[in-house]
Number of protein chains: 2
Amino acid sequence: MPPPTPRNPAKPSGLDCRLAVLGSDVRLTPHRREVFDVLAGSTDHPTAYEILDRVKSRSPHISLATVYNCLDHLTSAGLIKLVHLERGQSRYCANLHEHVHFHCEKCGKVIDAHPAADFDPGKFWNLPAGTKIARTDLAIHGTCSACAAK
Amino acid sequence: MPPPTPRNPAKPSGLDCRLAVLGSDVRLTPHRREVFDVLAGSTDHPTAYEILDRVKSRSPHISLATVYNCLDHLTSAGLIKLVHLERGQSRYCANLHEHVHFHCEKCGKVIDAHPAADFDPGKFWNLPAGTKIARTDLAIHGTCSACAAK
DNA sequence: TAATGCAGTTAGAATCATTCTAATTCTAAA
DNA sequence: TTTAGAATTAGAATGATTCTAACTGCATTA
Ligand SMILES: [Mn+2]
Ligand SMILES: [Mn+2]
Ligand SMILES: [Zn+2]
Ligand SMILES: [Zn+2]
């Protein structure tokens, strides 16, 4: 007889292909997948509540608690990023390339901006020796070109 | 008889010397002054509640609402800065020099880091033409040297 | 197949930070 | 001294997020 397959609920097959690609070990359940797809299809850095609204068109019974659960799992798996721009609701971003956020103080728009090729944030800040950088969160606030033109 | 001095409650004399120096037009009342002094004497980026605790040793009857009011006035006057590092409580900073925040993910410490002399954040991010930068908020997350040594 | 175990999902309650409200006190001009 | 406006206060209200406890569904195990 064949030896029994060891049980390993953390690595199922099937739907979870995207996870293996990115080296993550979160299970991509249908809801997590929908939350991820909605965010990956958005460029406006939606809030949890906005994501709930968008996912509802496909899964009308999903709850806000599940959206938060999915966002937390996806964030700790490194599939998406959490963005804090101001007091109030957090925003989320599926752009994993190194980038920063420009926040227009007039219309509220949040757009991605990408660094010049030679940018190295560790070079420009006088941090004590031995400090290890895990990630940088830069938000640039100002007026977008559309608002500045008015 | 001398002509009556025109009334101008927004620009009183006396306690408010520090304001004139910085070109601000907020009245520096005793509570605002205490909140400012506590923050100026701190390097750890305290929260509103931590500031309340520290101010209470001088003014035992000050309320949290007043601390929030004072912090809002001082922030909009440009005397202090509001810092968002993560979900939850906001933090405040009285260091007005251009700098960024390093946040140790192990011990929670927040330290200031100052830019190299030639640093220009506008140069490194490909923002659309016409965009006007008002301010940048950069948080660097990682492990401080003390924690890294453990 | 039936029992088990565990992760996912859910609604609603609880918590926490912040803002608002309405009453009171203070300050400085008139 | 009177008055107007700002500051201060306690407590209520709000809003975002997290927690709790019950339930669901799938996959393993007997
Ligand atoms: Mn982004
Ligand atoms: Mn600082
Ligand atoms: Zn704009
Ligand atoms: Zn540390």
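Predicted model only: the values in this text are computed from it and were never measured.
In this structure, A:L85 places its CG atom 16 Å from C1' of D:dA16, rounding to the nearest Å. In this structure, CZ of B:R27 is placed 9 Å from P of D:dA6, rounded to the nearest angstrom. Here C:dT19 presents its P atom at 13 Å from CD of B:Q89, a figure rounded to the nearest Å. A:D53 has its CG atom 13 Å from the P atom of D:dA16, to the nearest Å. What separates OH of B:Y49 from P of C:dT18 is a distance of 13 Å, to the nearest Å. Across the protein-nucleic acid pair, B:H84 atom NE2 and C:dT18 atom P stand 9 Å apart, rounded to whole Å. In this structure, B:L82 places its CG atom 15 Å from P of C:dA17, rounding to the nearest Å.
Looking at B:R32, its side chain does come within 3.5 Å of a backbone N or O of B:R27 through a donor-acceptor pair. Without hydrogens or angle criteria, B:H73 side chain to B:L71 main chain gives no donor-acceptor distance under 3.5 Å. With hydrogens and angles ignored, the 3.5 Å screen pairs a side-chain donor or acceptor of B:S76 with a backbone N or O of B:D72.
Using bins of under 30°, 30° to 60° and over 60° for the plane-to-plane angle, the ring pair B:H101/B:H45 lands in the perpendicular bin.
Between A:H141 and A:H103, the distance separating the two ring centers is shorter than 6.0 angstrom.
Between B:R87 and D:dT18 there is a side-chain polar atom (N or O) within less than 4.0 angstrom of OP1 or OP2.
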Could you list the protein-to-nucleotides 8-11 of chain D atom pairs, N/O on both sides, closer than 3.5 Å?
| residue | atom | partner | partner atom | Å |
| --- | --- | --- | --- | --- |
| D:dT8 | OP1 | B:T29 | OG1 | 3.1 |
| D:dT8 | OP1 | B:H31 | ND1 | 3.4 |
| D:dT9 | OP1 | B:H61 | O | 3.1 |
| D:dT9 | OP2 | B:S63 | N | 3.4 |
| D:dT9 | OP2 | B:T66 | OG1 | 2.5 |

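Looking at heavy-atom distances under 4.0 Å, A:S90 makes contact with sugar-phosphate atoms alone, never a base.
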Item to check | Audit row: A:N126, B:H114, side-chain hydrogen bond (donor to acceptor under 3.5 Å, both in side chains) steps and yes/no | outcome: CA-CA 6 Å; A:N126 294 311; B:H114 294 85; over 6 Å; no
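Which of D:dA16, C:dT27, C:dT19 sits closest to the side chain of A:Y68 comes down to D:dA16.
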